[in-house]
Structure formats: structure tokens, C-alpha cells
Trainee: 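Sharing a structure, written as C-alpha cells. Questions coming.
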Amino acid sequence: MTQPVPRLSLPATLALGSAALGAAFATGLFLGRRWPSWRFRRQRHLLPPEDSPLWQYLLSRSIREHPALRSLRLLTLEQPHGDYMMTCEQAQLLANLARLIKAKKALDLGTFTGYSALALALALPPAGRVVTCEVDAGPPELGRPLWRKAEMDHKIDLRLKPALETLDELLAAGEASTFDVAVVDADKENCTAYYEQCLQLLRPGGMLAIPRVLWNGEVLQPQPGDTAAESVRNLNERIRRDARVYISLLPLGDGLTLAFKI
Ligand SMILES: C[S@@+](CC[C@H](N)C(=O)[O-])C[C@H]1O[C@@H](n2cnc3c(N)ncnc32)[C@H](O)[C@@H]1O
Ligand SMILES: *[C@@H]1O[C@H](CO)[C@@H](O)[C@H](O)[C@H]1NC(C)=O
């Protein structure tokens, strides 16, 4: 898998300037070719490629990242599977939306090193809480010093067990309709169950976000036996027909679905 260009190491790439953009147009990347050539590189960022000058320009004029959050991102990118992490523009969009809806309580399925959890925690008021679910104790411990550096560790409530158990516990504790935000990014096999449980835990007007819903483009034509791509494809289909939510499917990172509970 191609290692993503570390986000925000921009100037060198920007220097490529419009010449490379012109070349991208000339090679037909924007001309409606059915399969962009980079699809076959199993790259996470489909539209446009993350090292394109256009995308780097968008990031350079958009991203405002807390220093500890940036350190966490750079540290995570050095790890094996560092590209599991949510992308910086996804995290910032979710944080901005969380602020807009005055979120106080958030759910984060799939902590990994805690990049999404920390981005959400930073967007919540001092008494806010992020319940974050993980089965692997290693990555959160790597990230925790940076949660502390951001003075956000008191808001991040890590539950080390399968996410479905935590969701059941929250429902059993009477926390249905009390969460403002849910980010669903643990294993893909259980994603439909996560979606249904999170929808119950969200209040009306709450936001449910699902990153990585394009699955390297394989949701377009899942390989036989690719159960993860099948699960994501089925979930995308289910959400599209779900009258309980308003939705947007955005080409950020490897796809980001936003569903707002009506
Ligand atoms: C794509 S990563 C999450 C990325 C993270 N949200 C971020 O922004 O960096 C998915 C994580 O889910 C965890 N995971 C896998 N199965 C799980 C389960 N059943 N319950 C909870 N977490 C799980 C994996 O260990 C992995 O760390
Ligand atoms: C799906 O959820 C079940 C029940 O919690 C769990 O045992 C299983 O490990 C999960 N699947 C994956 C791939 O994490």
C-alpha cells in the first residue's frame, strides 16, 4: 500500500504548481474516466490523489490543527497501519460540525491511537466526554501522552472491549438518545450493527459519521469473498434508503458518510 504523504508537509508539493494540475487534466483524471488509474494502487484517497497540487492547496488553506493533534498524526503515520487513521480534513470537518451542533457527548468506535477521539475531545466543552472503543490496548497507549499534552485525557473515556459490548452497555444504562456525535470506524464486518446501535444512542439532530466507506474503491465492484467491502457496500445501500437520517457521502479520505438523525 502506498504510504500517504504526511499531511501538512506542503510547500515542496505546492511548488509543483499548476503544471502538474494541467497534466492531471490532460491525462483525463477529471474527464470522467470510469476508473481513475490510482484506484489500482489500493490508495485510500480517491478524489483527487492526496499528493496532487490541488488537494495540497485545499489542505494548506483549510487545516487548523492543535499542535498535540498534529504530533499525534505524525506519530501515527510512522506506525504500521498508520493509514488506518482518519485524515486531517475529515477530523476537522467532524470537529467543526460537532461545535456547530454544540455537541457534549461523542462516541468513537475504533480508537486506534486516538486521532479522531482527540479531534472530537478538542471540539467539546470542558465537561464533554468522548467514549472511545478499542480491542487492541497498544495503539491507545501510544497516543495517550498526546491526549494528555492537549489536556484532553479527562474527556476521553477508553473502553477496551469489543465495541458492540460497549454499545450494549450504554443502551442498558439508559443512554439512548443522549449522544450528539458517533464516529463508526472499528471493524467493517460489524458496521451495520454499529450503525443501528449508534442511531439509537444518538439524539435527534445528532451526527453519525462513517469514514472509509469507499474501501479503496472496491465497493464499486467487490471481489468475491471480500466480506469487508461487501459489508461497507451493504451499509452504504442501507443508509441511502434510511428515512431516519439525512445523508451526505463525501469523497474525503477513503470516503466519508455523514448521516444526521432526523
Ligand atoms: C480504522 S482504525 C480507527 C482509526 C481511528 N478512529 C483514528 O482516527 O485514528 C480501526 C480500529 O478499530 C479497532 N477494532 C477492530 N475491531 C474492533 C472491535 N470489534 N471493537 C472495537 N474496536 C475494534 C482496531 O483495533 C483499530 O485500531
Ligand atoms: C464483531 O462483533 C463481535 C461481537 O462483539 C465480536 O466478537 C467480533 O470480534 C467482531 N468482529 C470483528 C472483526 O472485530
Side-chain angles (χ1 to χ4, degrees), residues 1 3-4 6-7 42 44-45 63 65-66 68-95 98 106-123 130-144 146-147 150 152 156-172 181-198 201 207-216 225-232 234-235 252-258:
M1 188 181 294
Q3 189 64 24
R7 289 293 170 82
R42 291 192 62 86
R44 304 177 62 228
H45 307 289
I63 297 302
E65 208 177 26
H66 186 285
L69 191 60
R70 175 183 156 85
S71 300
L72 180 58
R73 180 167 53 79
L74 297 179
L75 174 71
T76 305
L77 282 175
E78 291 168 9
Q79 309 307 314
H81 307 300
D83 62 349
Y84 281 177
M85 178 176 48
M86 178 177 285
T87 63
C88 55
E89 77 283 1
Q90 289 179 329
Q92 182 168 299
L93 176 62
L94 298 187
L107 258 171
D108 176 57
L109 311 190
T111 312
F112 195 43
T113 61
Y115 185 75
S116 52
L118 181 55
L120 288 171
L122 285 162
V130 182
V131 175
T132 184
C133 304
E134 178 59 66
V135 284
D136 181 355
E141 286 323 305
L142 191 74
R144 193 185 291 276
L146 290 160
W147 312 352
M152 289 292 139
I156 301 179
D157 176 359
L158 174 65
R159 309 281 180 98
L160 271 181
K161 60 176 77 169
L164 277 176
E165 288 180 25
T166 298
L167 297 178
D168 285 341
E169 286 166 10
L170 293 170
L171 286 168
V181 174
V183 180
V184 176
D185 195 19
D187 60 289
K188 289 304 182 197
E189 280 76 6
N190 288 315
C191 63
T192 297
Y194 296 145
Y195 173 75
E196 288 298 333
Q197 303 274 63
C198 285
L201 286 161
M207 171 177 72
L208 198 154
I210 313 172
R212 301 191 305 132
V213 288
L214 300 179
W215 207 248
N216 300 305
D226 186 343
T227 55
E230 283 287 356
S231 304
V232 175
N234 292 339
L235 180 62
L252 292 180
D254 188 25
L256 176 66
T257 292
L258 295 179

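In what follows, every heavy atom counts, from backbone to side chain, and hydrogens, waters and symmetry copies are set aside. Since we're looking at a predicted model, the values are computed, not measured. Along the sequence shown, residues carry numbers from 1. When a ligand or atom number is given, it counts from 1 through the structure's own listing order.
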Trainee: The criterion is side chain to side chain contact (heavy atoms under 4.5 Å, CB included); which residues satisfy it with Ala119, sequence neighbours excluded?
Mentor: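 Once residues adjacent in sequence are excluded, the partners of Ala119 under the side chain to side chain contact (heavy atoms under 4.5 Å, CB included) criterion are Leu69, Ala91.
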Trainee: Do Thr113 and Tyr84 come close enough that some side-chain heavy atom pair is under 4.5 Å?
Mentor: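 They are not in side-chain contact.
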Trainee: Decide yes or no for Val131 and Glu169: does some side-chain heavy atom of the first lie under 4.5 Å from some side-chain heavy atom of the second?
Mentor: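 When only atoms from C-beta onward are counted, Glu169 and Val131 do not touch, as no gap falls below 4.5 Å.
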Trainee: Partners of Ala229 by side chain to side chain contact (heavy atoms under 4.5 Å, CB included), sequence neighbours excluded?
Mentor: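 Counting only residues at least two positions away or on another chain, Ala229 forms a side chain to side chain contact (heavy atoms under 4.5 Å, CB included) with Trp215, Glu218, Pro222, Asp226.
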Trainee: So, Thr111 side chain and Cys133 main chain: donor-acceptor pair closer than 3.5 Å or not?
Mentor: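 Flag set: sc Thr111 to bb Cys133 pair under 3.5 Å.
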Trainee: Would you confirm whether Glu196, through its side chain, and Thr192, through its main-chain N or O, come within 3.5 Å as a donor-acceptor pair?
Mentor: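 Checked: no pair found.
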Trainee: One pair per line, please: each N/O atom of ligand 1 matched with every protein N/O atom under 3.5 Å away, atom names first, then the distance to 0.1 Å.
Mentor:
{"residue": "ligand 1", "atom": "6 (N)", "partner": "Gly110", "partner atom": "O", "Å": "2.8"}
{"residue": "ligand 1", "atom": "6 (N)", "partner": "Ser116", "partner atom": "OG", "Å": "2.8"}
{"residue": "ligand 1", "atom": "8 (O)", "partner": "Met86", "partner atom": "N", "Å": "3.2"}
{"residue": "ligand 1", "atom": "8 (O)", "partner": "Ser116", "partner atom": "N", "Å": "3.3"}
{"residue": "ligand 1", "atom": "8 (O)", "partner": "Ser116", "partner atom": "OG", "Å": "3.2"}
{"residue": "ligand 1", "atom": "16 (N)", "partner": "Asp187", "partner atom": "OD1", "Å": "3.4"}
{"residue": "ligand 1", "atom": "19 (N)", "partner": "Asp187", "partner atom": "OD1", "Å": "3.1"}
{"residue": "ligand 1", "atom": "19 (N)", "partner": "Tyr194", "partner atom": "OH", "Å": "3.3"}
{"residue": "ligand 1", "atom": "20 (N)", "partner": "Ala163", "partner atom": "N", "Å": "2.9"}
{"residue": "ligand 1", "atom": "25 (O)", "partner": "Glu134", "partner atom": "OE2", "Å": "2.5"}
{"residue": "ligand 1", "atom": "27 (O)", "partner": "Glu134", "partner atom": "OE1", "Å": "2.8"}
{"residue": "ligand 1", "atom": "27 (O)", "partner": "Glu134", "partner atom": "OE2", "Å": "3.4"}

Trainee: Would you say Gln90's side chain and Leu252's backbone share a donor-acceptor pair under 3.5 angstrom?
Mentor: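 Confirmed, Gln90 side chain pairs with Leu252 backbone.
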Trainee: Under 3.5 Å, is there a donor-acceptor pair between the side chain of Asn190 and the main chain of Ala193?
Mentor: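 Looks like no, no N/O pair under 3.5 Å.
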Trainee: Tell me, which residues have any heavy atom less than 4.0 Å from some atom of ligand 2?
Mentor: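 Protein residues near ligand 2 are Pro162, Leu164, Asp187, Glu189, Asn190.
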Trainee: Is any side-chain heavy atom of Leu208 less than 4.5 Å from a side-chain heavy atom of Leu107?
Mentor: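 The answer is no; the side chains never approach within 4.5 Å.
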